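Just so we're on the same page: letters track the sequence lines, and every chain starts at 1. Here the structure is a predicted model, which is why all the values come from computation and not from measurement.
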2 protein chains.
Amino acid sequence: MKLRSVKGNDLCEVTSINTERVASVRRRMKPEGTIHRLSETFKVLGDPTRVKIIFALSQEELCVCDIANLLGTTKSTVSHQLRILRNMRLVKYRKEGKMVYYSLDDRHIENLFDEGLRHVEEM
Amino acid sequence: MKLRSVKGNDLCEVTSINTERVASVRRRMKPEGTIHRLSETFKVLGDPTRVKIIFALSQEELCVCDIANLLGTTKSTVSHQLRILRNMRLVKYRKEGKMVYYSLDDRHIENLFDEGLRHVEEM
DNA sequence: GTAACAGTTGAGCAACCATTCAACTATATG
DNA sequence: CATATAGTTGAATGGTTGCTCAACTGTTAC
């Protein structure tokens, strides 16, 4: 009969690991803040609606209604996603009367976006 | 008193939009499959645990136990995430006795990863 | 003033997801 | 054979998230 798992048994604390290799990687490991910002950046791009919005804005400055029309969705949905992109400083906006025009605010993100596009288009 | 919202009222079907600009973007819009694969690719990178794993494997070939030790988490957690990376063809593995050594399987993903790293480190 | 429209926002909901736990396979060792 | 270790896997769980709906703000036009 198998013994019940001891807590921490799964943690590889004292078992045979390549301590040297692990230590070497640990030294070079990026700080927690960098990891967090990096994964957050990728996460924002990890949604088809936001991908479409970013692609659209990389081509033209557009108002919320334009984007909603383009994607075949509601202004509400677009507005919610634009808020996320705004919080991440990926888009900026400009008010003109009752219209709000959005455009990309981050040249870096276009490089990242294009690199991703190149990745999936070479398959 | 405000009238109840009519269904589709939010869809911008007949309202004043920049039809020309929208049509131009629509022509250039990437196909649905490309959008989907692109957002899926970014989504995989949108988790701190997977980011750490990918960074680690970009430095060294490592077994599951090494990675778990490095991240201070369990083999189970690492194994679950490695399965996702395996399904996306981002990592490959090599068995040696009861050990399983993982390494990156996609040169493109390193470019994408580095581009993201450059993005967050210039802030 | 009222009406219409662009856009925002919060609540609610359903789907998704990362981790934990437990059980399992497989290999190595005695 | 039994035991220990490396790794995988399925179920359960708690947290997250994207969309919908309804109500709201603000601006333009009448």
Side-chain angles (χ1 to χ4, degrees), chain A residues 1-18 36 39-40 42-53 62-69 71-88 91 93-102, chain B residues 1-18 36 39-40 42-53 62-69 71-88 91 93-102:
Chain A
M1 203 205 206
K2 180 117 180 25
L3 277 173
R4 210 180 154 286
S5 280
V6 179
K7 198 179 175 183
N9 203 19
D10 218 17
L11 277 172
C12 289
E13 285 158 349
V14 286
T15 52
S16 63
I17 46 164
N18 311 285
H36 181 258
S39 63
E40 284 300 306
F42 283 128
K43 191 186 287 179
V44 187
L45 300 174
D47 174 77
T49 302
R50 288 191 293 268
V51 163
K52 288 176 195 168
I53 292 177
L62 294 168
C63 67
V64 178
C65 214
D66 287 340
I67 303 174
N69 185 308
L71 307 194
T73 184
T74 64
K75 288 181 291 183
S76 178
T77 292
V78 172
S79 187
H80 276 298
Q81 299 300 346
L82 282 171
R83 187 164 59 92
I84 295 174
L85 297 173
R86 234 164 41 218
N87 289 344
M88 295 286 289
V91 301
Y93 62 96
R94 164 176 83 79
K95 290 194 177 183
E96 192 173 300
K98 55 182 171 178
M99 315 283 281
V100 180
Y101 286 97
Y102 281 85
Chain B
M1 203 204 204
K2 181 126 185 12
L3 278 174
R4 209 180 154 286
S5 280
V6 179
K7 198 178 177 185
N9 204 18
D10 218 18
L11 276 171
C12 289
E13 285 158 349
V14 285
T15 53
S16 62
I17 45 163
N18 310 286
H36 181 258
S39 63
E40 283 301 306
F42 283 128
K43 190 185 287 179
V44 189
L45 300 173
D47 174 77
T49 301
R50 288 192 293 267
V51 162
K52 288 177 196 168
I53 292 176
L62 294 167
C63 67
V64 178
C65 216
D66 287 341
I67 302 173
N69 186 308
L71 306 195
T73 184
T74 63
K75 288 182 292 181
S76 178
T77 292
V78 172
S79 188
H80 277 298
Q81 300 300 346
L82 281 171
R83 188 165 56 92
I84 295 174
L85 298 174
R86 234 165 39 219
N87 289 344
M88 295 286 290
V91 301
Y93 63 97
R94 165 178 82 79
K95 290 194 177 183
E96 194 173 299
K98 55 182 173 180
M99 316 282 283
V100 181
Y101 286 96
Y102 281 85

Whole-Å distance between [N] [atom2] and [X] [atom1]?
| X | N | atom1 | atom2 | answer |
| --- | --- | --- | --- | --- |
| B:L71 | C:dA18 | CG | P | 15 Å |
| A:N69 | C:dG7 | CG | C1' | 15 Å |
| B:L82 | D:dT9 | CG | P | 11 Å |
| A:D66 | C:dA6 | CG | P | 10 Å |
| B:L45 | C:dA18 | CG | C1' | 16 Å |
| B:M99 | D:dA6 | CE | P | 7 Å |
| B:F42 | D:dG18 | CZ | C1' | 19 Å |

Which residues satisfy the side-chain contact (heavy atoms from CB on, under 4.5 Å) test with [X], sequence neighbours excluded?
| X | answer |
| --- | --- |
| A:R83 | A:H80, A:R86, A:N87 |
| A:V44 | A:R50, A:I84, A:L85, A:M88, A:L90 |
| A:S79 | none |
| B:H36 | B:E40 |

A side-chain contact here means heavy atoms from C-beta on lying under 4.5 Å apart; do A:C63 and B:N18 qualify? yes

Got B:D47 and A:S39 here, is their nearest side-chain heavy-atom distance under 4.5 Å? no

Within the pair A:Y102 and C:dT8, is there a side-chain N or O less than 4.0 Å away from OP1 or OP2? yes

Quick check on D:dC19: is either OP1 or OP2 less than 4.0 Å from any side-chain nitrogen or oxygen of A:Q81? yes

By ring-ring contact (aromatic ring centres under 6.0 Å, His included), A:Y102 pairs with (sequence neighbours left out) A:Y93

Could you list the residues that satisfy salt bridge (Lys or Arg N to Asp or Glu O under 4.0 Å) with B:R94, not counting sequence neighbours? B:E61, B:E96

What is the per-nucleotide protein-contact pattern of nucleotides 12-17 of chain C, from the 5' end, where B denotes a base atom under 4.0 Å from a protein heavy atom, S denotes such proximity for sugar-phosphate atoms only, and - denotes neither? -----S

Can you give me the N/O atom pairs linking the protein to nucleotides 26-30 of chain D at distances under 3.5 Å, or say none if there are none?
none

List the atom of [X], the atom of [Y], and the distance in Å for their closest heavy-atom pair.
| X | Y | answer |
| --- | --- | --- |
| B:K95 | B:V100 | CG-CG2, 4.2 Å |
| B:K75 | B:C65 | CD-SG, 4.1 Å |
| A:V51 | A:L45 | CG2-O, 3.2 Å |

Taking N or O atoms only and anything under 3.5 Å, show me the protein contacts with nucleotides 9-11 of chain C, one pair per line.
residue	atom	partner	partner atom	Å
C:dT9	O4	A:S76	OG	2.8
C:dG10	O6	A:H80	NE2	2.8

